[in-house]
Visitor: 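One structure, as structure tokens, below. Some questions next.
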Amino acid sequence: MSASLSLTVKTARDELERITAAIDNLAEEDDWPADLLFRVQLVLEELALNIVDYGHDDDTSDFEIAFMSEGDSLTIEIVDGGRAFDPLNDAPEPDLTSGVAERRVGGLGVHFVRTLMDDVQYERSAGKNRLKMVTRKVR
Amino acid sequence: MEINAERDGATVIARPTGRLDGSNAGEFQEALEAAIDESDRALVLDFEQISYISSAGLRVILLTARSLQGNGGQMALCALDAPIREVFAISGFDTIIPIHGTRDEALAAVGG
């Protein structure tokens, strides 16, 4: 199967519902297994809300999300002109071991991205964060 | 965010429905707080009707577990779908919140 989708999203929290619905539609069109749909929804929610919450001070800027599905491979690119943020190096280390009283949730979103995607590459160029992720559709 | 809550002695059994994501985590937290009294000793969160969770949902679960523990209470989860079970494993949340297969097992574990 092959399919592609490009989305322009505002830097507002309520855009999450539109992103979720667009991914649901692409998954149906491209016949994704349920596991892939779950992973992509999770990764995109974590990254999009990071951009909305920390990358921008306004809720009217735009950023771009593109999906390219070809054979067994899905590539996702996010291009955003907000504050420079390299999730591979700038995100806090996730706390995976503390007890209930001390546990912190910061950094979990990026930890999900690293764990659930096969390849993640970041580049800052022309004033934009460019994050490219690749995953096999079937694990 | 819909939550069905019932009480069995000092144990609250809460069954949320749908997705636990960044758009409704605040609502989820308010609904849980409303369902739990200060005198309650345990919470069983039945995830049978939950299809998705992100870090925003995990945060609410952590805050709820912390609040219960501060009152001397405890919390258990049950009936997690495989992808949700994986989120709990990757995040290490399965080491701080006990996860059970069924509601009865969770109730037995918290002494309900």
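Note that the structure is a prediction, hence the values are computed from the model and not measured. By convention in this document, chain letters (A, B, ...) are assigned in the order of the sequence lines, proteins followed by strands, and residues within each chain are numbered from 1.
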Visitor: Side chain from CB out, backbone as N, CA, C, O: work out which of these in A:Leu42 comes under 4.5 Å of a heavy atom of chain B, or both, or neither.
Guide: both
Visitor: Is there a path of hydrophobic side-chain contacts, each under 4.5 Å between heavy atoms of I, L, V, M, F, W or Y residues, that connects A:Val40 with A:Leu5?
Guide: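 Linked within one cluster.
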Visitor: Evaluate side chain to side chain contact (heavy atoms under 4.5 Å, CB included) for B:Leu58 paired with A:Phe112, printing each intermediate quantity in order.
Guide: CA-CA 12 Å; B:Leu58 290 180; A:Phe112 291 146; 3.8 Å; yes
Visitor: Indicate yes or no: at least one non-hydrogen side-chain atom of A:Leu108 is less than 4.5 angstrom from one of B:Arg59.
Guide: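 When only atoms from C-beta onward are counted, B:Arg59 and A:Leu108 do not touch, as no gap falls below 4.5 Å.
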Visitor: Examine whether an atom of A:Ser98 lies under 4.5 Å from a heavy atom of chain B, and if so say whether it belongs to the side chain, the backbone or both; otherwise answer neither.
Guide: backbone
Visitor: Is it the case that more than 12 heavy atoms not belonging to A:Glu28 sit under 6.0 Å from its CD atom?
Guide: no
Visitor: Given the rule that I, L, V, M, F, W and Y join up when any side-chain heavy atoms are under 4.5 Å apart, are A:Phe85 and A:Leu47 in one cluster?
Guide: no
Visitor: What part of B:Leu63 gets within 4.5 angstrom of chain A, counting heavy atoms only: side chain, backbone, both, or neither?
Guide: neither
Visitor: Decide yes or no for A:Arg13 and B:Ser23: does some side-chain heavy atom of the first lie under 4.5 Å from some side-chain heavy atom of the second?
Guide: no
Visitor: How far does CZ of A:Arg104 sit from CG of B:Leu62, to the nearest 0.5 angstrom?
Guide: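 Answer rounded to 0.5 Å: 11.0 Å.
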Visitor: Taking atom CG of B:Asp21 and atom OG1 of A:Thr20, what is their separation to the nearest 0.5 Å?
Guide: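 OG1 of A:Thr20 is found 6.0 Å from CG of B:Asp21.
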Visitor: I'd like to know which of B:Gly22, B:Ala56, B:Gly70, B:Ala65 tops the heavy-atom pair count under 4.5 Å against chain A.
Guide: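 The candidate making the most pairs under 4.5 Å is B:Gly22.
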Visitor: Indicate if B:Leu45 and B:Phe88 have the same hydrophobic cluster label, given that clusters are the connected sets of ILVMFWY residues with side-chain heavy-atom separations under 4.5 angstrom.
Guide: yes
Visitor: With heavy-atom distances below 4.5 Å as the criterion, would you say the side chains of B:Val87 and A:Phe38 are in contact?
Guide: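 Yes. Closest side-chain heavy atoms under 4.5 Å.
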Visitor: Taking side chain as C-beta onward, heavy atoms only, is B:Thr95 less than 4.5 Å from A:Leu96?
Guide: no
Visitor: Can we say B:Arg19 and A:Glu17 salt-bridge, meaning some charged N sits less than 4.0 Å from an Asp/Glu carboxylate O?
Guide: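 Salt bridge between B:Arg19 and A:Glu17, a charged N being under 4.0 Å from a carboxylate O: no.
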Visitor: So how far is it from A:Leu44 CG to B:Ser54 OG, rounded to the nearest 0.5 Å?
Guide: 12.0 Å
Visitor: Treating Ile, Leu, Val, Met, Phe, Trp and Tyr as nodes and any side-chain heavy-atom pair under 4.5 angstrom as an edge, say whether A:Leu49 and A:Met133 lie in one connected cluster.
Guide: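 They do not share one cluster, since no chain of ILVMFWY contacts under 4.5 Å joins A:Leu49 to A:Met133.
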Visitor: Looking at B:Ser91, is its backbone amide N or carbonyl O close enough to the side chain of A:His111 to form a donor-acceptor pair, meaning the two atoms are under 3.5 Å apart?
Guide: no
Visitor: I'd like to verify something: which residue of A:Ala101, A:Gly109, A:Ala48 has the highest number of heavy-atom pairs under 4.5 Å with chain B?
Guide: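 Looking at each of A:Ala101, A:Gly109, A:Ala48 in turn, A:Ala101 comes out on top.
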Visitor: With side chains defined as the heavy atoms from C-beta onward, is the minimum distance between B:Phe93 and A:Val100 less than 4.5 Å?
Guide: no
Visitor: Using non-hydrogen atoms only, which part of A:Glu102 is less than 4.5 Å away from chain B: side chain, backbone, both, or neither?
Guide: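 Only the backbone of A:Glu102 comes within 4.5 Å of chain B.
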Visitor: Pick one of side chain, backbone, both or neither for A:Arg103, based on which atoms fall under 4.5 Å of a heavy atom in chain B.
Guide: both
Visitor: Between A:Thr97 and chain B, which part of the residue has a heavy atom less than 4.5 Å away: side chain, backbone, both or neither?
Guide: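 Contact with chain B involves no heavy atom of A:Thr97 at all.
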Visitor: Are A:Ile78 and A:Leu88 joined in one hydrophobic group, where the rule is that I, L, V, M, F, W and Y side chains link up if heavy atoms are under 4.5 Å apart?
Guide: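 Yes, one cluster joins them.
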